[in-house]
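Heads up, the thing below is written out as structure tokens.
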Amino acid sequence: EAAVTQSPRSKVAVTGGKVTLSCHQTNNHDYMYWYRQDTGHGLRLIHYSYVADSTEKGDIPDGYKASRPSQENFSLILELASLSQTAVYFCASSDWGGNYAEQFFGPGTRLTVL
Amino acid sequence: AQSVTQPDARVTVSEGASLQLRCKYSYSATPYLFWYVQYPRQGLQLLLKYYSGDPVVQGVNSFEAEFSKSNSSFHLQKASVHWSDSAVYFCALSPRSNYQLIWGSGTKLIIKP
């Protein structure tokens, strides 16, 4: 059973539209993360959360919001999608106390903004 | 500042040959270190990790990595590569003071038949 799932797996959005990417984990982890990956590049942290109802800014939060309504669910919201937000988005979870920050990843969401 | 450098964006090796992917880190103490692999159009999967103790750590699919404090390195190695090893490999560091991962830019491994 996949422990971190993401939906949708791919999405095409229009510039200026609203996009919501969802992530669900069954690892019982406290920490969840949203990353973006651009072609040929590594991962960049957008937002993260260590407890329900609280989110923190990562390294590139501009243009993104996050929501953590429960321990299992973490959403990434693009209120006004822009061309520059075309990328693959990965969700991950970790349990700092038990696994020394090892992160478990979802399969990714490929977002294309036109 | 904490950082991870993977100096080789692409590495090409012949099937059956040995492999070394380089990773250098910058951190004032001994960090937690990880190698992840990303197969085409998939998420990242953990290959191996180093926390402490034996500097040579074994991972999945016969990969291993060696931690060197003196060289601030954590190079990934494999004795004989297979075509299925074609992927992008990421080195990552976690400071022992917090939960975040600091990522290298990745090395794309290409296997020649």
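Residue numbering restarts at 1 for every chain, and letters A, B, ... go by the order of the sequence lines.
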>> Using a 6.0 Å distance limit plus a 45 degree cone around the ring axis, check whether B:Lys49 lies over the aromatic ring of B:Phe34.
In response: no
>> Tell me whether B:Lys108 at atom NZ has more than 12 heavy atoms from other residues, nucleotides or ligands lying less than 6.0 Å away.
In response: no
> What part of B:Gln6 gets closer than 4.5 Å to chain A, counting heavy atoms only: side chain, backbone, both or neither?
Replying inline: neither
> chain A heavy atoms under 4.5 Å from B:Leu46: which part of the residue, side chain, backbone, both or neither?
Replying inline: side chain
> For A:Asp95 and A:His29, does a side-chain donor sit closer than 3.5 Å to a side-chain acceptor?
Replying inline: no
> Which region of A:Arg110, side chain (C-beta onward) or backbone (N, CA, C, O), has a non-hydrogen atom less than 4.5 Å from a non-hydrogen atom of chain B, or is it both or neither?
Replying inline: side chain
> What are the two closest heavy atoms between B:Trp35 and B:Ala65, and how far apart are they?
Replying inline: CD1-CB, 4.0 Å
